[in-house]
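Reading through the structure tokens given below for one structure.
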Amino acid sequence: MASNHNFTIEHKFKSPFANIYDVILDFTKFGHFHPHMKAVKIVSKNQPNEIEYEVNEEVLLYGFIKLKPNYKATVLEIEKNKHVRYISQVKKNIFLTIDFIFSEDKDTGNTKVIEKVDVRGNKFIATIFLSLLKKSHLQMFQNFKSNKYAA
């Protein structure tokens with residue numbers, strides 16, 4: 001039986017807003033910082049604000065079971081400079097939606113990104129997937145923050 005599982009993470013940056021937004025909007029750049037994404041390529045541009053990508057990942061489940069998921073992800077710019085959404089069917093019965101909500105403090109130049117993740121699918125598999133996803137996204141944003149692109 002499918003059910004929804006979710007989490008929310010808040011990321012704060014002392015980086016230029018445009019750099020942060022660019023990496024989240026362009027999935028090939030996002031994949032560059034993601035610890036499990038090995039290849040990300042554009043499949044189609046359906047509209048100026050909707051791009052479909054093919055993603056190849058390599059993940060070690062429990063530290064020793066190698067999984068190589070391959071899936072398509074759609075990136076939508078819901079509201080320019082405010083809201084980006086990722087949608088994908090990662091596995092046969094695992095559906096992922098990630099919303100990134102942006103805000104910029106004009107006085108300090110700091111940027112806040114709220115990441116809302118929702119996984120719909122089998123409870124057992126979704127719980128494992130959500131745990132892996134949370135760890136990988138925390139690592140992805142840490143990788144990004146430590147890169148000169150984010151400075």
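Because the structure is a prediction, the values reported are computed rather than measured.
Between the side chains of N110 and D105, no donor-acceptor pair of N or O atoms lies under 3.5 Å. Donor-acceptor pairing under 3.5 Å is lacking for the side chains of D118 and H5.
Residues L76 and V113 do not share a hydrophobic cluster, clusters being chains of Ile/Leu/Val/Met/Phe/Trp/Tyr side chains in contact below 4.5 Å. Both L130 and I9 are part of a single hydrophobic cluster, where members link through side-chain heavy atoms under 4.5 Å apart. Both Y71 and L133 belong to a common hydrophobic cluster when Ile, Leu, Val, Met, Phe, Trp and Tyr are linked at side-chain heavy-atom distances under 4.5 angstrom. Hydrophobic cluster membership is shared by V59 and I125, with clusters built from Ile, Leu, Val, Met, Phe, Trp and Tyr side chains linked at under 4.5 angstrom.
Across V43 and E54, no two heavy atoms sit closer than the pair CG2-N, 3.4 Å. Shortest non-hydrogen contact noted between H34 and M37 is ND1-N, 3.5 Å. V119 and A126 make their closest contact through CG1-CB, 3.8 Å (heavy atoms, listed as atom of the first residue, atom of the second, distance). Of all heavy-atom pairs between Y53 and L25, the closest is OH-O, 4.0 Å. Contact record, V117 with N6: O-CB, 2.8 Å, taken as the closest heavy-atom pair. Listed here is the closest heavy atom pair of S136 and P35: O-CD, 3.4 Å.
I98 CD1 to L96 CG: the interatomic distance, rounded to the nearest 0.5 Å, is 4.0 Å. Atom NZ of K134 sits about 13.0 Å away from atom CG of L132, to the nearest 0.5 Å. One distance of note links OG1 of T8 with CD1 of I114; it measures 8.0 Å at 0.5 Å rounding. I94 contributes atom CD1, which lies 10.0 Å from atom CZ of R120 (distance to the nearest 0.5 angstrom). Atom-to-atom distance recorded for N122:CG and K91:NZ is 13.0 Å, nearest 0.5 angstrom.
Annotation: side chain of M140 is not in contact with side chain of L138 (no heavy-atom distance under 4.5 Å). Under the 4.5 Å side-chain criterion, counting only non-hydrogen atoms from C-beta, V55 is not in contact with N70. When side chains are defined from C-beta on, I20 does not count as touching D22, because their heavy atoms never get closer than 4.5 Å.
When ring centroids are compared, H32 and F27 stay outside the 6.0 Å threshold. The distance between the ring centers of F100 and Y21 does not fall below 6.0 angstrom.
By the 30° and 60° cut-offs, the orientation of the rings of F141 relative to F13 is tilted.
For the pair K82 and F102, the cation does not sit on the ring face, since its NZ or CZ is not both under 6.0 Å from the ring centre and inside 45° of the axis.
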Could you please spell out the steps behind the ring pair (Phe, Tyr, Trp, His ring centres under 6.0 Å) verdict for F7 and H137?
-> CA-CA 11 Å; F7 67 82; H137 279 221; 7.4 Å; no
Before giving the answer on side-chain contact (heavy atoms from CB on, under 4.5 Å), spell out for F144 and V23 the whole-Å C-alpha distance, their side-chain angles and the decisive distance to 0.1 Å.
-> CA-CA 9 Å; F144 177 67; V23 165; 3.4 Å; yes
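Atom NZ of K72 sits in a sparse spot, with 12 or fewer heavy atoms from other residues, nucleotides or ligands closer than 6.0 Å.
A salt bridge links E58 and K66; the closest N-O separation between the charged side-chain nitrogens and carboxylate oxygens is under 4.0 Å.
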